[in-house]
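Have a look at the structure below, then the notes.
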Amino acid sequence: MTEVTIVRADLSYKRHADDVLAMLDHYASHPMGQGQPFDDEVRSRLIPGLRDHPTTEALLAYRDDTPVGVALCFRGFSSFKARPLLNIHDFAIHESARGQEVGRKLMEAVFALAREFDCCRVTLEVAVANEPAKRLYEKCGFEPGDPQSTAQWFWTKHLE
């Protein structure tokens, strides 16, 4: 099996932009995403929007020059620690590469990026039903919240 290479994506470079879009569209199409590919409007706005967002950080995992993973992150700030943090907004491994250590290697690159920015922590959200992702995150040292707790919930108000 060919080695996996992780690169920090430069979204002004067409190849990286295309690969980030392809991986995110693959993720969106999966039931753990939104269960359908991006519509044309999202496809046309996504990369320009990410390029314009000042805290965007994207990592790509490649095997044999083919993208097999993506970590789309945004830098934030912890008011409780008075230090930067890195939030993983999307983390996806192509189905053809799951169970082959790609996720662990990509996560290690996320941690290295967070250290580069002197972040106090890395955060993420995960669907309750996504058991493979939860196992990976726990192996990588993430601490899950209490699943029985009602102290904090992730709420959303859509503004469309």
Fill in: Close side-chain approach of V4 and Y62, heavy atoms under 4.5 Å
no
Item to complete: Indicate yes or no: at least one non-hydrogen side-chain atom of D18 is less than 4.5 angstrom from one of L21.
Response: no
Fill in: OG1-CG distance between T5 and D65, expressed to the nearest 0.5 angstrom
9.0 Å
Discussion item. Set out, in order, the CA-CA distance, both residues' side-chain angles and the distance that settles salt bridge (Lys or Arg N to Asp or Glu O under 4.0 Å) for E143 and R121, then state yes or no.
Written reply: CA-CA 11 Å; E143 299 171 0; R121 67 178 173 258; over 6 Å; no
Run the side-chain donor-acceptor check on residues 134-141: report pairs under 3.5 Å with partners two or more places apart or on a different chain.
{"unit_1": "K134", "atom_1": "NZ", "unit_2": "V128", "atom_2": "O", "d": "2.7"}
{"unit_1": "K134", "atom_1": "NZ", "unit_2": "E131", "atom_2": "OE2", "d": "2.9"}

Worksheet item: Is there a chain of hydrophobic side chains (I, L, V, M, F, W, Y, each step under 4.5 Å between heavy atoms) that links V7 to F91?
Response: no
Validation: residues 105-115 side-chain donor-acceptor distances under 3.5 Å, sequence neighbours left out:
{"unit_1": "K105", "atom_1": "NZ", "unit_2": "E3", "atom_2": "OE2", "d": "3.2"}
{"unit_1": "E108", "atom_1": "OE1", "unit_2": "R104", "atom_2": "NH1", "d": "3.4"}
{"unit_1": "E108", "atom_1": "OE2", "unit_2": "R104", "atom_2": "NH1", "d": "2.4"}

Practice prompt. Return each pair, listed once, that meets salt bridge (Lys or Arg N to Asp or Glu O under 4.0 Å) where at least one residue sits in residues 86-98; pairs must be two or more places apart or across chains.
Written response: none
Practice prompt. Using the rule that two of Ile, Leu, Val, Met, Phe, Trp, Tyr join whenever any of their side-chain heavy atoms come within less than 4.5 Å, decide whether Y13 and I47 are in one cluster.
Written response: no
Practice prompt. Please assess L46 against L24 for the test side-chain contact (heavy atoms from CB on, under 4.5 Å), listing each intermediate value before the final yes or no.
Written response: CA-CA 10 Å; L46 183 58; L24 291 175; 3.9 Å; yes
Discussion item. Let's go through H16 and R8 carefully: what are the C-alpha distance in whole Å and the side-chain angles of both, what is the deciding distance for side-chain contact (heavy atoms from CB on, under 4.5 Å) to 0.1 Å, and is it a yes or a no?
Written reply: CA-CA 9 Å; H16 287 177; R8 192 166 173 182; over 6 Å; no
Worksheet item: CD of Q36 to CZ of F38: how many Å apart, nearest 0.5 Å?
Response: 10.5 Å
Worksheet item: Just by distance, with hydrogens left out, do D64 and T66 show a side-chain donor and acceptor under 3.5 Å apart?
Response: no
Item to complete: Supply the atom-to-atom distance I6 CD1 to L59 CG, rounded to the nearest 0.5 angstrom.
Response: 7.5 Å
Item to complete: Salt-bridge test for R45 and D52: reply yes if a basic N is under 4.0 Å from a carboxylate O, no otherwise.
Response: no
Fill in: Separation of D10 CG from R15 CZ (nearest 0.5 Å)
13.0 Å
Practice prompt. For S29, enumerate each residue passing the side chain to side chain donor-acceptor pair (under 3.5 Å) test, keeping only those at least two apart in sequence or located in another chain.
Written response: none
Anything under 3.5 Å between a donor and an acceptor, one on a side chain of residues 67-83, the other on a protein residue two or more places apart or in another chain? List them.
{"unit_1": "R75", "atom_1": "NE", "unit_2": "E57", "atom_2": "OE2", "d": "3.2"}
{"unit_1": "R75", "atom_1": "NH2", "unit_2": "P54", "atom_2": "O", "d": "2.9"}
{"unit_1": "S78", "atom_1": "OG", "unit_2": "F80", "atom_2": "N", "d": "3.4"}
{"unit_1": "S78", "atom_1": "OG", "unit_2": "K81", "atom_2": "N", "d": "3.0"}
{"unit_1": "R83", "atom_1": "NE", "unit_2": "D118", "atom_2": "O", "d": "3.4"}
{"unit_1": "R83", "atom_1": "NH2", "unit_2": "D118", "atom_2": "O", "d": "3.1"}
{"unit_1": "R83", "atom_1": "NH2", "unit_2": "D118", "atom_2": "OD1", "d": "3.1"}
{"unit_1": "R83", "atom_1": "NH2", "unit_2": "C119", "atom_2": "O", "d": "3.2"}

Item to complete: Output the distance between atom CG (N130) and atom CD (E125), rounded to the nearest 0.5 Å.
Response: 12.5 Å
Worksheet item: If you measure from CG on L60 to CG on D19, what distance do you get to the nearest 0.5 Å?
Response: 6.0 Å
Worksheet entry | Main-chain N/O of H30 paired with Q34 side-chain donor or acceptor, under 3.5 Å | no
Item to complete: Would you mind listing every salt bridge (Lys or Arg N to Asp or Glu O under 4.0 Å) that reaches into residues 22-40, with sequence neighbours excluded?
Response: D25-R43
Worksheet item: Out of curiosity, does M23 fall in the hydrophobic cluster containing L50 (side-chain heavy atoms, cut-off under 4.5 Å, transitive links)?
Response: yes
Worksheet item: Does the side chain of F142 reach to within under 4.5 Å of the side chain of T123, using non-hydrogen atoms?
Response: no
